[in-house]
Each structure stands twice: as structure tokens, then as C-alpha cells.
Amino acid sequence: QVQLAESGGGLVQPGGSLRLSCAASGTMFSIENMGWYRQAPGKEREVVASITSRDSTKYIDSVKDRFTISMDNAKRTVYLQMNSLKPEDTGVYYCKASAAVDMTLIEYDYWGQGTQVTVSS
């Protein structure tokens with residue numbers, strides 16, 4: 001019932017910027033947190049940034065001061081503003097939401113389909 005629609009990926013030059021969006025839709029009661037993960041070829045998937053419903057954010061060290069995650073609770077949408085992009089930022093970026101679909105408030109994880117981000121000169 002819960003679907004995540006991602007957009008904003010693409011090809012950019014080093015130093016460029018991209019803004020990723022992920023909108024959650026379907027039957028749900030609440031979203032506790034959302035985050036962005038990425039996976040480069042031959043590497044493990046890693047969490048890049050996350051945000052809670054109380055706007056508490058976390059970032060991996062490699063993206064601090066360059067990426068900003070935000071969430072619009074009313075629209076059930078999370079954004080990732082990526083500035084000063086580097087080639088090592090290249091990978092498939094996945095949106096994840098932890099959401100309760102009913103009033104039991106039991107949370108489940110939902111994943112987007114992934115969007116490719118390529119940083120190359």
C-alpha cells in the first residue's frame with residue numbers, strides 16, 4: 001500500500017548540485033523517519049542521511065557540509081539537496097521510509113526504486 005516515488009537523479013559535473021525528492025503515498029498512519037542510502041558498483045549500500053519526524057538529522061562524515069536532508073511532513077516528502085558533488089558521490093540513491101500503516105503504530109521499512117546519480121567530468 002505504501003509507495004515511494006523518487007526523482008532528481010542525473011549526470012552532473014564535479015562541483016555541481018542535484019536535489020533528490022521522494023514522496024510517500026498510499027495508506028499509512030504516520031512516518032517516523034526517512035532517509036537516503038546509496039550504493040556504488042562493487043560497494044555496500046550505505047546510509048547517507050536521515051531525518052526524523054522531529055527534524056533530527058544525521059549525515060555520514062563524507063557528505064557533511066555538502067548535503068542537506070529535509071522533510072515535509074504534510075506532503076510526506078523527503079528531499080536531499082546535494083552541493084559540491086564529487087565523483088565518489090556516484091551511485092544509486094535509494095529512499096527509505098519507516099512508517100506505520102495503521103493505528104497499531106508498528107513501523108515497517110519501505111524502499112524506493114532507486115535513482116542514479118553520476119558525478120563525472
Side-chain angles (χ1 to χ4, degrees):
Q1 292 181 330
V2 178
Q3 295 181 336
L4 302 179
E6 300 170 329
S7 62
L11 173 64
V12 297
Q13 295 182 335
S17 298
L18 284 174
R19 189 192 191 210
L20 305 183
S21 299
C22 175
S25 62
T27 302
M28 66 185 74
F29 183 79
S30 64
I31 298 175
E32 178 61 25
N33 62 76
M34 300 184 75
W36 289 95
Y37 293 69
R38 71 183 175 194
Q39 186 167 21
K43 300 184 68 175
E44 296 182 346
R45 186 177 299 184
E46 62 181 350
V47 60
V48 176
S50 63
I51 185 168
T52 72
S53 60
R54 295 178 175 84
D55 292 329
S56 177
T57 60
K58 292 183 178 180
Y59 303 89
I60 57 172
D61 289 341
S62 62
V63 307
K64 282 186 176 180
D65 301 319
R66 298 190 297 119
F67 291 9
T68 301
I69 188 171
S70 61
M71 181 165 61
D72 185 329
N73 287 316
K75 296 182 178 181
R76 295 173 172 173
T77 300
V78 66
Y79 306 92
L80 185 67
Q81 179 66 47
M82 304 185 294
N83 299 324
S84 302
L85 284 162
K86 303 176 180 179
E88 50 263 44
D89 294 319
T90 295
V92 179
Y93 283 68
Y94 298 90
C95 175
K96 188 182 82 171
S98 296
V101 298
D102 56 37
M103 294 185 68
T104 64
L105 300 182
I106 299 174
E107 297 178 4
Y108 297 90
D109 292 338
Y110 301 90
W111 291 86
Q113 79 285 354
T115 183
Q116 178 70 44
V117 172
T118 302
V119 185
S120 177
S121 60

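Side chains included, hydrogens not; waters and symmetry mates left out as well; all remaining heavy atoms used.
Pairs passing the disulfide bond (SG atoms under 2.5 Å apart) check and including a residue from residues 26-82, sequence neighbours excluded, do not occur. Residue pairs meeting the disulfide bond (SG atoms under 2.5 Å apart) criterion with at least one member in residues 1-42, sequence neighbours excluded, are Cys22-Cys95. Among residue pairs with one or both ends in residues 65-79, those qualifying as side-chain hydrogen bond (donor to acceptor under 3.5 Å, both in side chains) are Arg66-Asp89; sequence neighbours excluded.
Under a hydrophobic clustering in which Ile, Leu, Val, Met, Phe, Trp and Tyr are joined whenever their side-chain heavy atoms come within less than 4.5 Å, directly or via other members, Tyr110 and Ile106 fall into the same cluster. At a threshold of 4.5 Å between side-chain heavy atoms, the hydrophobic network of Ile, Leu, Val, Met, Phe, Trp and Tyr places Val78 and Val92 in two separate groups. Hydrophobic clustering, with ILVMFWY side chains joined whenever heavy atoms are under 4.5 angstrom apart, groups Leu4 together with Leu20.
Pairing each heavy atom of Phe29 with each of Asp102, the nearest pair is CB-O, 3.6 Å. Between Gly114 and Glu6, the shortest heavy-atom contact is N-OE1, 2.6 Å.
For the side-chain contact (heavy atoms from CB on, under 4.5 Å) with Leu80, the lone residue among Ile51, Ile69, Val117 that qualifies is Ile69.
Counting only distance, with no hydrogens or angles, the side chain of Thr90 and the backbone of Val119 share a donor-acceptor pair below 3.5 Å. Side-chain atoms of Gln3 do not come within 3.5 Å of backbone N or O of Ser25 as any donor-acceptor pair.
Between the CZ atom of Phe67 and the OG1 atom of Thr57 there is a distance of 14.0 Å, given to the nearest 0.5 Å. Note that the NZ atom of Lys64 and the OH atom of Tyr59 stand 10.5 Å from one another [nearest 0.5 Å]. Remark: Met71 CE to Met34 CE distance equals 7.0 Å, nearest 0.5 Å. Met82 contributes atom CE, which lies 11.5 Å from atom CZ of Arg19 (distance to the nearest 0.5 angstrom).
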Evaluation steps, side-chain contact (heavy atoms from CB on, under 4.5 Å), between Trp36 and Val63: CA-CA 12 Å; Trp36 289 95; Val63 307; over 6 Å; no

Stepwise side-chain contact (heavy atoms from CB on, under 4.5 Å) check, Ile60 with Arg38: CA-CA 11 Å; Ile60 57 172; Arg38 71 183 175 194; 3.9 Å; yes

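By the side chain to side chain contact (heavy atoms under 4.5 Å, CB included) test, Ser30 is found to be paired with Ala100, Leu105, residues two or more places apart in sequence or in another chain being considered. For Thr52, the side chain to side chain contact (heavy atoms under 4.5 Å, CB included) test picks out Asn33, Arg54, Ser56, with sequence neighbours left out. Taking Asn83 as the reference, Ser17, Gln81 meet the side chain to side chain contact (heavy atoms under 4.5 Å, CB included) condition, with sequence neighbours excluded.
Ring geometry, Trp111 versus Tyr94: the interplanar angle exceeds 60°, so the pair is classed perpendicular (tilted spans 30 to 60°).
The side-chain heavy atoms of Tyr93 and Leu18, taken from C-beta on, include no pair separated by under 4.5 Å. Leu11 is listed as a side-chain neighbour of Thr118, based on a closest heavy-atom distance under 4.5 Å.
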